[in-house]
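Reminder, nothing fancy here: chain letters follow the sequence lines and each chain counts from 1.
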Amino acid sequence: MLKIYNTISRKTEEFQTLEPNLVKMYVCGVTVYNDAHVGHAMSALVFDIIRRYLEYRGYTVKHVMNYTDVDDKIINRAKQLKEDPLKLSQRYIEDYAKDLASLNVLPATSNPQVSKTMPLIIKFIEGLIEKGHAYAASNGDVYFRVTSDEDYGRLSGRKLDDMQAGARIEVGEAKDHPMDFALWKSAKEGEISWDSPWGKGRPGWHIECSAMNLAELGEQIDIHGGGNDLIFPHHENEIAQSESYTGKEFSRYWVHNGMLQLGGEKMSKSLGNIISIKEFLSKRSADVMRMLVLNGTYRAPLLFNDDTLDAAEKNVERLKSALRPAAPSAKGLAAESLTALAATSDAAKVNFTEAMDSDFNTAGAIAALFEFVKAINTARDNGATSEQIKPMQDSFRELAGVLGLKLEEKQGSGEQDEQVNALIAERTEARKQKQWKRSDEIRDQLKEMGVTIEDSKDGTIWRYS
RNA sequence: GGCGUCGUGGCCAAGUGGUAAGGCAAGGGUCUGCAAAACCCUCAUCACGGGUUCAAAUCCCGUCGACGCCUCCA
């Protein structure tokens, strides 16, 4: 039985879908005006892992991730670059899609964009006005009336009265209540805008997601996800809008990932402590980033530093060690040992599922994968043949795949391979002659080429590292 | 100040009532010409102070501390 921690109830609940075997999951994507950073990667990875596990559990997952391509920041950046805002955002949408692909994140089922959802957004706002949940101000802005929603604040656990202390009405705003938020913002001179019943303008941030949800998944969804920095006000406001509009419970489960921490602080554009996904991938592999996430708890802050990354890298290497073949000359394992091996494999698989069922306890799932590693490596050390360990390796690889780990050994060109093989042949000959100096020279040379070698009774094996 | 999450070995981190998973690092060993990898062994009583209970890291109260949100943010 899969259990998921639900932000709105602050409890871990049994997971039940609205429709049998179908999960409708909406995850807040990014505002596209700059390179995405590893904090975005964390969120994308968390929901990729959740999606993959749900699919492994037999669900069909409709995974929607939006792109906010209409926004103040985009407009400002476009102005700076003297580029059309929609072209700019389109450029970064394609860029982000590439980043995600290079992280082995499965593409969402659909990626709606604000600029392409405009008619529904306007219709949505009109509906809210009709129902008395929103009002058009004199300046062309439209606001959501928070006092019209009795439950306002229930996701973030805030009461309207508590929130008013810090609330301010900015100059130029025409709100009835300080906490009212913009559904539609009237356009300033020369800005990109769309026609609406309230004049030229563009939608506020929150209404987009409500509208795209409705467009892609309907009135009710199973899982709504995003970073926990979005709980208030973004998700709170989404709930207010959607439930006021449809009169139905919007999302059954609210799932929020913790923030990536760089030097004890959240990594964010506004703090300027950013490492882009591209920069990261120029130094470490996608598996390492994913392992960093898997090794932690998706809801907790994730420490991103050399120590945690080095450990993640070692973890990945260790997992890979289980996939290596046995020596061709291996003499084989007795039947009873094979039975024990199969039993270990089954137990590890159960542990994996139990961990993941428990609110996606990926750290526990990784521990289960290490059970495989130990069992496979021990079997190999004890003389199992490649054939004998293969079934367990297949199970192991399948589960690693559920977490999105590729565990690929680095590949070289055929030319390189030949060169390496030639050097190894020479070294083997030198070793036969006990010419240790020459042998070690070659080993150093190979190391410089990025090749690690291992000698054993059955010969020398090597790999790119 | 308000709301929320949390504080487990040198580091990362599972575990939410019955005497502490896993990984990294460290030390010892097997293997090796030496290495490397793998394997074996060693390594914590759970921030602090009270309380509930036959029994608590796990529940309750308090203290201290960290982080997030309260303004754009994954």
Pair [X] + [Y], salt bridge at N-O below 4.0 Å:
{"X": "A:D310", "Y": "A:R284", "answer": "yes"}
{"X": "A:R427", "Y": "A:D455", "answer": "yes"}
{"X": "A:E426", "Y": "A:R438", "answer": "yes"}
{"X": "A:K320", "Y": "A:E317", "answer": "yes"}

- Message: If you compare every side-chain N and O of A:N361 against the phosphate oxygens of B:G15 (OP1, OP2), does one of them come in below 4.0 Å?
- Response: yes
- Message: Below the 4.0 Å mark, does B:A38 have OP1 or OP2 next to a side-chain nitrogen or oxygen of A:K374?
- Response: no
Considering only the [atom1] atoms, how many Å lie between [N] and [M], rounded to the nearest integer?
{"N": "B:A47", "M": "B:U8", "atom1": "C1'", "result": "10 Å"}
{"N": "B:A25", "M": "B:G18", "atom1": "C1'", "result": "32 Å"}
{"N": "B:G65", "M": "B:A56", "atom1": "C1'", "result": "22 Å"}
{"N": "B:G17", "M": "B:C69", "atom1": "P", "result": "31 Å"}

- Task: State whether the distance check finds a donor on one side and an acceptor on the other, under 3.5 Å, for side chain A:R318 versus base B:C24.
- Result: no
- Donor-acceptor side-chain pairing of A:S156 and A:R158 below 3.5 angstrom: yes
- Of the candidates B:U5, B:C39, B:C12, the side chain of A:N295 sits closest to B:C12
- Hey, can you pull the residues of residues 38-47 of chain A with a non-hydrogen atom under 4.0 angstrom from RNA chain B? A:G39, A:H40, A:S43
- Give me the residues of residues 228-243 of chain A where at least one heavy atom lies under 4.0 Å from an atom of RNA chain B, by number, or none. A:N228, A:D229, A:L230, A:F232
- Message: Output one letter per nucleotide in nucleotides 25-33 of chain B: B when a protein non-hydrogen atom lies under 4.0 Å from the base, S when only the sugar-phosphate is that close, - when neither is.
- Response: S-------B
- Paired nucleotide for B:G33 [Watson-Crick or G-U wobble; both distances under 3.5 Å]: none
- Item | Complementary nucleotide of B:U53, counting Watson-Crick and G-U pairs under 3.5 Å | none
- Task: Would you kindly give the CG-to-C1' distance between A:D310 and B:C24, to the nearest whole Å?
- Result: 9 Å
- Heavy atoms, side chains only, cut-off 4.5 Å: are A:R463 and A:E454 in contact? yes
- Flag the pair A:Y33 / A:Y92 as yes when their ring centroid distance falls below 6.0 Å, and as no otherwise. no
- Query: Does the ring centre of A:H224 sit less than 6.0 Å away from the ring centre of A:Y253?
  - Reply: no
